[in-house]
Amino acid sequence: MKNFYKKILLFLVPVLLVWLATEVFYRSVENNYTYKTERIISEYNEIETLVFGDSHAFFGINPKYFSSKTFNIANVSQSLYFDELLLKKHIDSLPKLKTIVINISYFTLSVVDDSTEDRWRKYFYQQQMELDVPSISIFDPRQYSLALSRRFYQSAELFKEYLKNGTIVSSYKDGFGMQDESNIVADKVAISKLISKKHEDNSLDFEVNTEKIKEMINSCNKRGVEVILIEMPVYKTYYDLLNSQKKQKINATLLNLERKNKGVRFYDFSQELNFVDEDLRDADHLTNQGAVKFSKLLNGIIEQ
Amino acid sequence: MLFNTVDFAIFFPTVLLLYWTVFKKSLSLQNFFLVVVSYIFYAFWDWRFLSLIFLSTIVDYSVGLWLGKTQNLTKRKLLLGISLVFNLGLLMTFKYFNFFVETFVDAFALFGTSLKVTSWNILLPVGISFYTFQTMSYTIDLYRKRIEPTKDIVAFFAFVSFFPQLVAGPIERASHLLPQFKVKRTFNYNASVDGLRLILGGLFKKMVIADNCALLVNNIFANYEVASGSTLFFGAVFFAFQIYGDFSGYSDIAIGTARLMGFDLMKNFNYPYLSQNFSEFWRRWHISLSTWFRDYVYIPLGGSRVSKGRLVFNVFVVFIVSGLWHGANLTFVFWGFIHGLFVLLVLLFFKKEAPLFSERMLPTFGQLIRIGATFFVVVIAWIFFRSETISMAFQYIGRIFSPSLFSKPEIPMSGVLYLFLFMVFEWIQRSREHILDIGYLKNKWLRYGIYYCVVFALFYYAGDLQPFIYFQF
């Protein structure tokens with residue numbers, strides 16, 4: 001039996017070495033999570049506006065075009081679950097904070113926490129954004145090893161990107177997302193069909209996520225911070241293909257939050273006519289040009 | 001807890017180490033340890049449903065003891081009835097209640113009567129169809145006096161809850177597995193090495209084959225209304241490999257895991273896509289379930305040695321019940337019906353068994369045609385299995401057989417090539433125990449090279465984590 005264990009251990013040595021190297025990579029190389037945390041902490045005393053949300057906000061709201069000092073803490077696939085945790089972590093350290101912007105996408109209110117596709121992210125939020133994430137069980141070994149939390153090929157792809165670019169950070173200093181303009185989708189009708197299906201979860205259950213927005217509003221109310229809820233511009237075909245009943249319910253829920261709470265404003269820009277094809281990268285993300293346009297529009301509203 | 005997760009990668013080696021060291025000294029202690037870790041394993045899904053396994057174990061253990069004490073036929077029938085009613089009752093309540101209520105309401109609606117019956121929101125306990133069938137086989141075999149009742153309650157608890165095969169089989173018979181809990185297990189080096197090979201091969205089938213196919217299948221089935229016939233055909237082929245990789249991968253890991261602990265579980269898959277007809281397919285696919293239905297449903301109904309009319313009835317009963325076993329949906333019933341139909345055709349018109357594969361390098365032309373034809377019908381039948389409704393399945397098939405069948409499919413052709421290579425590897429290994437049964441290779445470096453290639457593929461080419469399909473059954 002000893003021989004058996006010895007051979008297994010020998011067989012696993014290369015695997016363990018790869019695991020160790022991956023772990024070192026994640027712990028030592030700066031990424032969006034570590035970078036954003038470092039940046040927000042360094043600007044604690046200046047930030048007046050904080051932007052929350054998923055990739056739509058990350059690539060679509062550029063703090064450079066705001067008249068107040070703004071930081072974009074949105075991130076790819078960031079749900080309200082992490083928006084709320086991030087707000088709670090940072091709000092008391094932001095003495096000048098006046099406004100927070102929360103982007104609500106079509107799926108934001110119905111999304112279920114801990115989806116398989118993005119489950120790995122919660123370990124990065126915990127380890128690298130220093131959040132206390134309740135959905136991570138104390139028995140979950142991945143909280144101790146970031147290399148275990150992601151599929152190896154994803155880590156390898158990231159490592160290749162690091163070798164090629166010298167960094168894996170895709171965020172500017174103000175938290176705005178860098179995007180490669182070479183991959184703008186030409187056939188927006190086709191991508192709209194695909195993405196609208198992908199975003200359809202057939203759920204009208206908004207209770208859990210509405211509660212999270214309420215919690216965020218309460219935290220802001222205590223500090224006299226205004227909450228602006230927004231729906232960002234999307235491609236017309238994508239918008240038309242979405243479930244109209246669900247869209248109505250989303251708007252009704254957000255309007256209700258606006259009516260029932262002090263210091264809350266809601267704006268639906270999803271079909272803002274000023275946004276043309278060139279402003280959209282695909283069905284639901286803005287290009288850099290679109291982001292400039294939208295950020296100016298949003299700034300005007302905040303300034304009102 | 002899924003086999004292909006970090007949780008299991010920590011859980012199992014820990015269990016194995018304790019099993020062969022701390023708990024090695026006493027058989028009862030080792031069995032008790034297996035019960036505890038099996039319950040922990042199951043509790044990772046939902047600890048509340050442990051009560052069902054516990055109850056099922058207690059009921060069948062008690063029925064077993066009483067069956068051993070009485071020779072009175074009426075009493076024996078009554079006792080067997082208690083076991084069957086209890087186990088089937090669990091299944092009916094947790095798996096089929098809503099299906100029967102909805103079917104009942106739909107049937108009345110056909111005649112213009114609208115019934116107002118509300119269905120319940122019932123969670124399906126993972127693996128319920130597997131462990132209830134396993135425990136039922138115990139009481140049925142006792143009733144038939146094929147086995148003796150066990151008085152060792154710990155061994156019986158371990159038999160019902162044995163974690164490698166608790167949630168998705170193989171569905172073991174008491175006559176095969178239960179005695180293994182009563183004899184001292186000794187560590188066997190060769191069996192353990194083979195167990196590891198089974199686990200590695202199983203993980204490859206699940207994580208590389210099934211999970212990658214799943215991504216394509218989900219996309220194609222979600223957009224079947226706009227996809228071309230050729231794309232839809234390959235979508236169904238990918239699903240055939242997804243379900244095969246998923247389920248046979250799980251079985252291989254289960255068998256390998258058990259082997260490392262000194263247990264021998266029955267083989268569940270035997271290269272099913274190399275079958276030359278449907279009858280053979282069912283001797284190679286989900287063997288533990290098909291033999292269960294053979295022994296406890298088909299043969300009691302009279303089997304094949306009956307009139308043609310009765311044979312038709314027997315075969316359809318078995319396959320429709322088998323379809324229903326997979327899920328509470330008419331799609332599964334229809335899937336079972338198609339398989340029943342083709343098995344019947346073999347039984348009625350092809351008396352001669354398909355010739356066995358010889359040692360030759362390549363299959364004969366006739367074998368290739370038979371394998372291809374069987375695979376084609378199996379693939380078409382899988383469309384019913386994967387579709388949400390019967391009408392969706394017919395629409396899907398209708399779109400396959402349209403002029404666009406001859407257009408270029410919108411799929412990664414590399415995927416087709418990899419699956420072809422996988423089948424070539426299966427063909428090479430067809431007479432071996434499992435796909436990674438390469439102990440016969442004399443060259444150690446070649447063996448280790450293959451192991452590392454598989455490990456590399458697991459890490460680099462694994463698809464996104466998907467739940468095992470058969471857990472829902």
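Here is how names work: the chains are called A, B, and so on, in the same order as the sequence lines, proteins then strands, and each is numbered from 1. Only this structure's heavy atoms are used, side chains among them; waters, hydrogens and symmetry mates stay out.
- With a threshold of 4.5 angstrom between heavy atoms, A/Val15 approaches chain B through side-chain atoms but not through N, CA, C or O.
- Ranked by heavy-atom pairs shorter than 4.5 Å toward chain A, the options B/Asn219, B/Val226, B/Leu458, B/Leu196 are led by B/Leu196.
- Across every non-hydrogen atom of B/Tyr452 and A/Leu10, the tightest pair is OH-O, 4.1 Å.
- Atom-to-atom distance recorded for A/Arg142:CZ and B/Ile10:CD1 is 9.0 Å, nearest 0.5 angstrom.
- Both the backbone and the side chain of A/Phe11 come within contact range of chain B, judged by heavy atoms closer than 4.5 Å.
- Within a 6.0 Å radius of OH in B/Tyr418, other residues, nucleotides and ligands contribute 12 heavy atoms or fewer.
- Residues B/Ala462 and A/Tyr153 come closest through the heavy atom pair O-CE2, 3.2 Å.
- The heavy-atom pair separating A/Tyr5 from B/Leu16 by the smallest distance is OH-O, 4.1 Å.
- At most 12 heavy atoms of other shown residues, nucleotides or ligands fall within 6.0 angstrom of atom NZ in A/Lys236.
- Annotation: A/Phe139, atom CZ; neighbour count of heavy atoms from other residues, nucleotides and ligands within 6.0 Å does not exceed 12.
- With a 4.5 Å cut-off on non-hydrogen atoms, B/Tyr460 touches chain A through its backbone and its side chain both.
- Neither the backbone nor the side chain of A/Lys193 comes within less than 4.5 Å of any heavy atom in chain B.
- Of all residues in residues 157-171 of chain A, those placing a non-hydrogen atom less than 4.5 angstrom from a non-hydrogen atom of chain B are A/Glu157, A/Lys160.
- The aromatic rings of A/Phe152 and B/Phe459 lie perpendicular to each other, with more than 60° between the two planes, well past the 30° mark.
- No more than 12 heavy-atom neighbours from other residues, nucleotides or ligands sit within 6.0 angstrom of NZ on B/Lys24.
- Looking at heavy atoms from C-beta onward, B/Leu260 lies in side-chain contact with A/Phe4 at the 4.5 angstrom threshold.
- Heavy-atom contacts from other residues, nucleotides or ligands closer than 6.0 Å to NZ of B/Lys184 number more than 12.
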